[in-house]
Every structure is written in C-alpha cells, then in structure tokens.
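In what follows, every heavy atom counts, from backbone to side chain, and hydrogens, waters and symmetry copies are set aside. In this chain, numbering begins with 1 at the start of the sequence shown.
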Amino acid sequence: MADAVTFSFSDTIAGYITRFDSGTRLLRLKTADGREFDVSLAGDPSAELVRNLDEPYIDASGHIDEMLSPGRFLFVYGVHYPERGGGFDAKRLVFLGRGAEDYRFEEPSWWIKQIESLADFYKRAQFGDGPVDFTEYRTEIRLGGDKTASHVQETDTISRLVYGMASAYLLTGKDEYLEVAERGTEYLRKHMRVVDSEEDVVFWYHGISVDGDSERKLFTSEFSDDYDAIPMYEQIYALAGPIQTYRVTGDIRIKNDADATIRLFDKFFFDPEQGGYYSHIDPILFSADHESLGENAERKNWNSVGDHAPAYLINLYLATGDQKYADFLEYTFDTIADKFPDYKNSPFVQERFFRDWSHDTAHSWQQNRAVVGHNLKIAWNLMRMNSLKAKPEYEQLAKKIGEIMPAVGSDVQRGGWYDVVERLKGGDQEAYRFAWHDRKAWWQQEQAILAYLILNGTVGGDANLREARQAQAFYNTFFLDHDEGAVYFNVLASGTPYLLGTERLKGSHSMSMYHSAELCYLSAVYNNLLINGREMDFHFQPDPTNLPDRVLRVSPDLLPAGSVRIASVEIDEKPYTDFDADALTVRLPDVQGRVKVKVRLRPVTK
C-alpha cells in the first residue's frame, strides 16, 4: 500500500494492561480510546517508578513481570518496526505506583513536596545564596537556573514568582518563601506601580530595564502580540502574586492596590454598552478604540474577560468574603457562559471577539484556532464559581467541556494535552489539525488536571477521575526536570523534552513559577480535601489589626459549601479555639503585630 508506514520510529504508548504473557514476553495495552496494541518486552526494557522532584531514580526493572497486572495504567516508550504488519519493542516502562491501583501523585504530600522543590529552584536561580534582593531579579532564566544577558524585569513575571512563593508558604509554613513573596510585592509596589490620583486608579508598568544602578521604565508591553499597548492580561497578572500574598498576611495596602486596579478596569477597559472587557487600551488616551491599537482595537478575548477569576479575583474573594468581588465573579462567568460556547460550529469555545461579540476569526496568530487549555480552564473555573453561586448553566457548560475535550484536545495514544488546534476541520479531514506542532505545554497540562480533579471532586464520575489521573500521570512522568530542577516548558508528543528557543528557558515572558505552583497548590487541595478525604494544614501570618473584626478567612479555594471544616487551629504553635469550623474563619487574638496561624482542615464525610 502506498500509504503504509514502512519505516521505524520511536514513540510512547499510554495504556491500561489487558494481559501479559510472560512466556512470549508480549504485553497488550489498551489506550484511552479503546485501541489495543501488542508490545514486545523481549529486549529487556528498563522500568522505573514515577518520581517527584528531588527524588532519586527508582528502578523497577527487576519487578516487571509481577507489576504487569491487568488494569494497571503505565507508559511504554519503544520502537515501532514495520515488518509483518508492525511490531512495537519496549525500551522503557514507567509505572505510576507500586500497586496496580496506586498513583504516587495522589500521596498526601506529593504536590506539597513538589511546590517546595519549585520554590527552592526559583529562589536559588534569582537570588543565589545571598539575600532576597529583587534588584537582581531577571525575567529570563536558563534551563539550569542561570540568568541570560537580558536585564529586563517584567512586572507579570515577578508577580507570578510571588504567587508561587506565597502558595508555597500556604502549604508549608516556611518563612523563607513568605520573605520572597513579601519582598517581591514591595518591589512591585515601589518600581512597577503607578498611582493616578486624578483618575483614582492604579496601573502597572510592563516592567523595567535595569542597567547597574539605573532603571528605565517600560510603560507599554514589549511582547509582540501587545506591542506599544496596555494589554488587560498584564494588568490582571500584576495582581496575581500580591493577592495570594494578601491571603497570607492581610496587608491592607495590597487590597487597596487591587481595588484601584479594578477601578482601572471598570473605567477604561469595560464596555458599558455591549458588556465585557476590552483586551487592550492605548497608552496616551487609555482608549480601547484608538487607531494606534491596530487589530487590537475594540477587541475582547478570553484573557480580558475570563482571566480575572483564576489570576486574582477568586483569591481576593477568599481573603475578604466581600460581596462586590462575588458580584464581579458572577458577571465574569455569566459572560463566559453566554458568549463563549460555539457548539453549533465547533467543539471548542470561541475566544476572540469584536466589540459586539461577533467572532474575530482572523486575529493575528490565533485566526480561527482553539487554545486547548483555555477550554479546560473555563471548565475548571466554572466549577469553582458553581460552589460560590450554583447555576445550571455553569455546571452544564463545565460538564460539557469535560465530556467533549478528551477526543479533540488530548493525545489518546501517548497521554497529555495539545496546544493550539484549528477550531474547524477542512474538507474531508477526520481530525482537528494542529496550528503549528503537536508539542504539549506545561500550563495546558495544568488546566486539564485541575478541570478533571474539580469535576471529579464536585460532581463525581469515573470518567472524570480517569482523565484526572491520566493527565497527572503524563505531567509527573514527562515534565519534571530531574537533572536541573523545576519543570519543562514543552515536551514533544512522545514526552521527550523540547529544548529549543524560548521553550528551553525556565523563566521567560510566559513562565515564572505561576502555573506550576498553582497546579501544586490546587492539586493538593482537590486530591486531599475533595477526592481522597484527607486532612490538610494551611499557614498564615497576618497582623490581626489589619483584618476587619480580626477575622481570618482560611478557605483554600472555592469549594462546595459544607465540604470541609476546620479541625484545629494553632497560633504561634499553641492550640487556639476561637474559630468557626463551618464558616472556615478564625477570630484572631486582640494583639499587636503578626501572628503565625496554622489551620488544619478536615473533609466532611459525604
């Protein structure tokens, strides 16, 4: 046949064992979509157990036969040979746990240990063994943690680092992480924040370029998609780290900055006539329709409408319980549920719009393409919002995305989730085409993991649990850099790290601990509290005088009402009893200065 595969190639198969014949050394695997493959183990492949960051290699080569029990999920890397209809010779096996039903990433401390390792890597990369001095911070970090020659400090990447460090403190209580978060927040406020007293708003510089003791402000974005404009998402992510820090410390100055930035959004980005938020404004008139914006004029997109919630707004609500933030969240998700679905035309949501919400299908690189992770991010955040204010349209859309996406956005052969694909098929095409490549980005794996974890933890379902486990398995097998630390930006379809260009970096305009830390924080929360019924500790360090009525709110995320309660509280390492277990609040003692608060949360038996 002219189209037959007549050459050898190496690849990965992710699947469930249906049988193993130790005599013939043949293993049969069934992929996520039900196809079966025979795999030869005659060549004595290596075998290992998946391992966390900072763990040594765990060899399982001497236990292969006894571990190949039916139903177990594993990864097999090997070589396909074309003779006699095709054969696959295994070279490497990766097991996800010691027992057939064990998944190591569901261990209670797995994600907590991982965020510690991430925090240690980025702290060492940015500040070495010296003091935490943010004048030494650089946006670009090489694979091993070294800095490049670039002396740019981008506001958003500092904020994302701060988010990661604050999250690491919440899970571990280690002061060194909170020190980085607080010093980073102060640096942002001093160097990147602009207080416009006339308009009563705050906005944030794109960053600064540092040259010795001097610095040059970078007012507008220097990223190619947003060049010479003020993009909404940069203003949004400037708040991500400080607000996560605010959850820990209750520093009222951070909340004031957030409120002033929200006023910026409402004054200059909000469309009072058609609804929603514009994606860009010009730097002179703060206008969304100025001709200098080019194709970004009067546009709306996922980032400008939806990214408020995960970046800062949910965390701001968790810290305050303020109804105005709940109302903003409701408006955000009502807009998403109303404007983004496009299921008459495509299994993917629409992401870019003109002012009147008609579809912008010719914009820049996106054209009529789908970012797989944005679909999953919508499902994840809809289910978070549904716990705050349940609406049928929220849950229905989230469940629909969860049901549709595996067949069109995941790799059912190898595991993992793809990047950008065409929203429509062309001609007689049977599959949605990749926009540029079939690589898989770390942040899109995060969206899949969190979407299916929260779906499983709130509405249940074997399919949701299976997707969550498969996504966690791929990420923890292939994205953790056991040689240099932290996680890779991209891997090839097979799971092999892709180490070229900016995708070789551990720090860049797109990467700075945020997504990897958010994944650790919320995977720990969902796996332990929602799914596996395990207690968790969370750490705070507020000054009681900064909090209204001295009330500290300790809910780790927007979780279903009544699903968790406070089991115990310690203040400065001593038992403390003035708390409302069901409201997830602690009334702090009437003292001056900061106190260390450790709260243990316990899942409520369903």
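Between Y233 and D226, the closest side-chain pair of non-hydrogen atoms falls below 4.5 Å. Looking only at side-chain heavy atoms (C-beta outward), Y122 and M165 come within less than 4.5 Å of each other. Residues E330 and M385 have side chains in contact (heavy-atom distance under 4.5 Å, counting atoms from C-beta outward). Between Y246 and L316, the closest side-chain pair of non-hydrogen atoms falls below 4.5 Å. Taking the side chain as every heavy atom from C-beta outward, Y526 and D557 approach each other to under 4.5 Å. In this structure the side chain of Y452 reaches within 4.5 angstrom of the side chain of L455, judged on heavy atoms. When side chains are defined from C-beta on, N301 counts as touching S304, because their heavy atoms get closer than 4.5 Å. Contact annotation: the side chain of L143 approaches that of K506 to within less than 4.5 Å [non-hydrogen atoms, C-beta and beyond].
Between the side chains of E140 and S150, no donor N or O sits under 3.5 Å from an acceptor N or O. D259 and N256 share no side-chain donor-acceptor pair at under 3.5 Å. The closest side-chain donor-acceptor pair between E351 and Q366 falls under 3.5 angstrom. Side chains of T157 and Y137: a donor on one and an acceptor on the other come within 3.5 Å. Residues H290 and S292 bring a donor and an acceptor atom of their side chains to less than 3.5 Å of each other. If you check the side chains of R138 and H151, you find a donor sitting under 3.5 Å from an acceptor. When only modelled atom types and interatomic distance are considered, D251 and T249 share no side-chain donor-acceptor pair under 3.5 Å. With hydrogens and angles left out, the side-chain atoms of N527 and Q472 include a donor and acceptor closer than 3.5 Å. Side-chain atoms of E222 and H206 include no donor-acceptor pair closer than 3.5 Å.
Nearest approach of R263 to V201, heavy atoms of both residues: C-CG1, 3.9 Å. In terms of heavy-atom proximity, L424 sits nearest to S346 at CD2-CB, 4.1 Å.
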R352 and T361: CA distance, side-chain angles, deciding distance, side-chain contact (heavy atoms from CB on, under 4.5 Å) verdict: CA-CA 7 Å; R352 290 188 182 268; T361 59; over 6 Å; no

Derivation and outcome, side-chain contact (heavy atoms from CB on, under 4.5 Å), residues T245 and Y163: CA-CA 7 Å; T245 306; Y163 173 94; over 6 Å; no

Step-by-step salt bridge (charged side-chain N to carboxylate O under 4.0 Å, His left out) determination, K217 to E215: CA-CA 6 Å; K217 305 289 188 184; E215 61 181 48; 3.0 Å; yes

Side chain to side chain donor-acceptor pair (under 3.5 Å) between Q114 and N476, worked out: CA-CA 10 Å; Q114 191 169 125; N476 284 289; 3.1 Å; yes

T135 and Y187: CA distance, side-chain angles, deciding distance, side-chain contact (heavy atoms from CB on, under 4.5 Å) verdict: CA-CA 9 Å; T135 63; Y187 195 81; 4.1 Å; yes

From CA spacing to verdict: salt bridge (charged side-chain N to carboxylate O under 4.0 Å, His left out), E395, K399: CA-CA 6 Å; E395 183 173 323; K399 290 166 69 174; 3.6 Å; yes

Stepwise salt bridge (charged side-chain N to carboxylate O under 4.0 Å, His left out) test for R414 and D411: CA-CA 6 Å; R414 307 166 189 86; D411 185 343; 3.0 Å; yes

Candidate pair R253 and E186, rule salt bridge (charged side-chain N to carboxylate O under 4.0 Å, His left out), full reasoning: CA-CA 10 Å; R253 299 174 304 160; E186 285 300 305; 2.4 Å; yes

Side chain to side chain donor-acceptor pair (under 3.5 Å) evaluation trace for Q274 with D356: CA-CA 6 Å; Q274 301 282 352; D356 63 358; over 6 Å; no

Trace of the side-chain contact (heavy atoms from CB on, under 4.5 Å) decision for L388 with I314: CA-CA 10 Å; L388 176 61; I314 286 176; over 6 Å; no

Intermediate values then yes/no, side chain to side chain donor-acceptor pair (under 3.5 Å), E234 and S221: CA-CA 8 Å; E234 289 193 1; S221 180; 2.8 Å; yes

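Judged by the 6.0 Å and 45° rule, K123 forms no cation-pi pair with Y177. By the 6.0 Å and 45° rule, R439 does not stack over the aromatic ring of W417. Taking the ring axis of Y278 as reference, the NZ or CZ atom of K300 stays within 45° of it and closer than 6.0 Å to the ring centre.
Atom CZ of R553 and atom CZ of R247 lie 12.5 Å apart (nearest 0.5 Å). Here the CG-CG distance, from L382 to N386, works out to 8.0 Å after rounding to the nearest 0.5 Å. For the atom pair CG (N381) and CD1 (I336), the distance works out to 7.5 Å, reported to the nearest 0.5 Å. Taking CG from D360 and OG from S279, the interatomic distance works out to 9.0 Å, rounded to the nearest 0.5 Å. Rounding to the nearest 0.5 Å places CG of L450 at 5.5 Å from CG of L522. H359 contributes atom NE2, which lies 9.5 Å from atom CH2 of W357 (distance to the nearest 0.5 angstrom).
Of the listed residues (F340, W443, F348, W380), just one forms a ring pair (Phe, Tyr, Trp, His ring centres under 6.0 Å) with H374, and that residue is W443. When the options F219, F265, F268 are evaluated for a ring pair (Phe, Tyr, Trp, His ring centres under 6.0 Å) with F203, the one that passes is F219.
Taking the six-membered ring wherever Trp is involved, the centroid distance between the rings of Y237 and Y514 falls below 6.0 Å. The six-membered or imidazole ring of Y498 lies away from that of Y488, with a centre-to-centre distance of 6.0 Å or more. With ring centers used as reference points, F479 lies 6.0 Å or more from W442. The ring of Y277 has its center closer than 6.0 angstrom to the ring center of F270.
Counted within 6.0 Å of CD on Q429, heavy atoms from surrounding residues, nucleotides or ligands total more than 12; the atom is thus considered enclosed. Annotation: K389, atom NZ; neighbour count of heavy atoms from other residues, nucleotides and ligands within 6.0 Å does not exceed 12.
The closest donor-acceptor contact from the side chain of R193 to the backbone of R189 lies under 3.5 Å.
Between R369 and E422 there is a salt bridge, with a side-chain nitrogen of the basic residue lying less than 4.0 Å from a carboxylate oxygen of the acidic one. Under 4.0 Å is where a charged nitrogen must lie from a carboxylate oxygen, and between K267 and E199 at least one such pair does. Between D334 and K391, at least one side-chain N (NZ, or NE/NH1/NH2) sits under 4.0 Å from a carboxylate O, which counts as a salt bridge.
Listed by first and then second residue, the salt bridge (charged side-chain N to carboxylate O under 4.0 Å, His left out) pairs that reach into residues 304-320 are D307-K377, sequence neighbours excluded.
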